[in-house]
Amino acid sequence: MSESKIALVTGSSSGIGLGIARRLAAHGYGIMLHGLVSAEEGRALAESIAAEFGIRTSFSPADLRDSAAIAGLVQQCVDDLGSVDVLVNNAGIQYTESLHDFPEQKWNDIIAINLSSVFFAMKAAIPHMRNSGWGRVINIASVHGLVASAQKSAYCAAKHGVVGLTKVAAMENANDGVTVNAICPGWVETDLVKPQIEAIADAKGIGYEAARAELVGAKQPMATMTQTEMLGALAVFLCSDEASTMTGTALPVDGAWTAQ
Ligand SMILES: NC(=O)c1ccc[n+]([C@@H]2O[C@H](COP(=O)([O-])OP(=O)(O)OC[C@H]3O[C@@H](n4cnc5c(N)ncnc54)[C@H](O)[C@@H]3O)[C@@H](O)[C@H]2O)c1
């Protein structure tokens with residue numbers, strides 16, 4: 001799209017965030033990369049994406065459990081790259097345990113990273129978008145923002161919260177050139193789901209491939225994992241002028257998981 005537009009993608013050091021960052025970079029967006037990796041690894045990633053796509057990049061390792069660090073991340077994006085036109089709130093973690101045994105620290109971390117960071121990042125970034133009269137916010141929720149699964153109390157609470165927050169932010173900015181949408185993926189093959197596949201493999205004494213098929217098929221009528229690049233393509237569309245009236249949505253990409 002436009003070479004002058006800048007996208008901040010949280011949690012873009014791996015998985016879905018990296019897939020979205022790469023697809024936006026391929027369409028000419030400058031990219032603020034972010035993730036909990038070493039400064040050296042982050043710098044190397046930023047340099048390789050800048051060279052591959054001929055765009056400007058920067059990198060931050062801000063810990064999203066800290067609201068001041070989130071405001072600093074948005075400010076760094078503006079300072080290093082000139083603006084924040086697109087905000088993709090993607091960073092997230094997972095932990096599975098029954099509610100009565102769920103560790104308090106895991107609850108607090110999931111709510112902070114998967115939900116509160118979305119609020120603080122929008123609070124910091126949307127004023128810049130309103131000032132310029134154009135902005136796109138894409139919140140990576142989950143099917144677990146729409147339906148529940150056992151063992152995922154904190155994750156489901158956070159992701160349902162992200163969907164609600166998306167709707168409020170969309171309404172508040174509806175006539176200011178800023179759209180706010182959520183993407184709700186089903187299974188996407190990334191580091192985040194590996195422990196869940198390994199747990200099935202261990203419990204049933206089966207191989208990784210068989211465990212993956214069992215995990216995906218248990219929830220999705222289409223027993224195929226979504227690839228990160230597919231979510232990148234949807235993000236590019238949401239940033240386009242053709243999507244300028246799409247706002248406040250929660251879009252499942254889930255092999256018919258939530259169609260049931
Ligand atoms: N993989 C799936 O099947 C799936 C499905 C639906 C939704 N999602 C959501 O997609 C998003 C990305 O997940 P993924 O699967 O790519 O996982 P991932 O583990 O590959 O990536 C997570 C990213 O978040 C960052 N992060 C983690 N904790 C952080 C913290 N405290 N501060 C800053 N950054 C932190 C990591 O550094 C990494 O860049 C998450 O919000 C996740 O809930 C994933």
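Order of listing sets the numbers, starting from 1, for every ligand and every atom in it.
Those atoms of ligand 1 that come under 4.0 Å of a heavy atom in Gly15, given as number and element, are 16 (O), 20 (O). For ligand 1, the atoms sitting less than 4.0 Å from at least one non-hydrogen atom of Gly35 are 37 (O), numbered in the order shown with element in parentheses. Short contacts between ligand 1 and Val188, defined as distances under 4.0 Å to a heavy atom of the residue, involve ligand atoms 1 (N), 2 (C), 3 (O). The distance from ligand 1 to the heavy atoms of Val193 drops below 4.0 Å at these ligand atoms: 1 (N), 2 (C), 3 (O).
Selection from Asp63, Val9, Asn90 by nearest heavy atom to atom 41 (O) of ligand 1 gives Asn90. For the residues Ser142, Gly42, Gly186, the heavy atom positioned nearest atom 5 (C) of ligand 1 is part of Gly186. Counting heavy atoms only, Ala141 comes closest to atom 7 (C) of ligand 1 of the residues Gly17, Gly92, Ala141. When the heavy-atom distances from atom 21 (O) of ligand 1 to Ala91, Cys184, Ser14, Ala69 are ranked, the shortest goes to Ser14.
Taking both residues in full, the closest heavy atoms of Val188 and Gln227 are given as CG1-C, 4.4 Å, listed atom of the first, atom of the second, then distance. Of all heavy-atom pairs spanning Asp241 and Arg136, the tightest one is CA-NH2, 4.2 Å. In plain terms, the two heavy atoms of Leu165 and Met122 that are nearest each other are CG-CE, 3.7 Å. When all heavy atoms are compared, the tightest approach of Thr247 to Thr179 is OG1-CA, 3.4 Å. Here the closest non-hydrogen pair linking Thr57 and Ala46 is OG1-O, 2.8 Å.
A donor-acceptor pair under 3.5 Å links the side-chain atoms of Asn90 to the main chain of Thr10, judged by distance alone.
Neither the backbone nor the side chain of Met225 has any atom closer than 4.0 Å to an atom of ligand 1 (non-hydrogen atoms only). The side chain of Ile113, and not its backbone, has at least one atom closer than 4.0 Å to an atom of ligand 1 (non-hydrogen atoms only; side chain from C-beta on). Contacts between Leu36 and ligand 1, counted as non-hydrogen atom pairs separated by less than 4.0 Å, involve both the backbone and the side chain. Using a 4.0 Å cut-off between heavy atoms, Ala62 contacts ligand 1 through its backbone alone, with no side-chain atom that close.
Residue Gln94 places every heavy atom at 4.0 Å or more from ligand 1.
Looking only at protein heavy atoms, the nearest one to atom 15 (O) of ligand 1 is Thr190 OG1, 2.4 Å. Atom 34 (N) of ligand 1 has its closest protein heavy atom at His34 CE1, 3.4 Å. From the protein, the heavy atom lying nearest to atom 39 (O) of ligand 1 is Ser13 OG, 2.8 Å. Considering only non-hydrogen protein atoms, atom 16 (O) of ligand 1 sits nearest to Ile16 N, 2.8 Å. Of all protein heavy atoms, the one closest to atom 27 (C) of ligand 1 is Ile93 CG2, 3.7 Å. At the top of the distance list for atom 43 (O) of ligand 1, counting protein heavy atoms only, stands Tyr155 OH, 2.6 Å. Given atom 25 (C) of ligand 1, the protein heavy atom at minimum distance is Gly11 CA, 3.9 Å. Protein heavy atom nearest atom 17 (O) of ligand 1, with residue, atom name and distance: Leu192 CB, 3.3 Å.
Within the 6.0 Å centre-distance limit, the rings of Tyr95 and Phe102 are counted as a close aromatic pair.
Atom CE of Met222 is surrounded by 12 or fewer heavy atoms from other residues, nucleotides or ligands within 6.0 Å.
By the 30° and 60° cut-offs, the orientation of the rings of Trp187 relative to Trp257 is tilted.
Rounding to the nearest 0.5 Å gives a distance of 12.0 Å between CG of Leu115 and NE2 of His160.
Taking any N or O of Leu64, backbone or side chain, at least one lies under 3.5 Å from an N or O belonging to ligand 1.
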Verdict with reasoning, Ile20 to Val88, per side-chain contact (heavy atoms from CB on, under 4.5 Å):
CA-CA 9 Å; Ile20 291 175; Val88 182; 4.1 Å; yes
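A continuous path of hydrophobic side-chain contacts links Leu24 to Val253 [ILVMFWY only; heavy atoms under 4.5 Å]. If you chain together hydrophobic residues whose side chains sit under 4.5 Å apart, Ile126 and Val78 fall into the same group.
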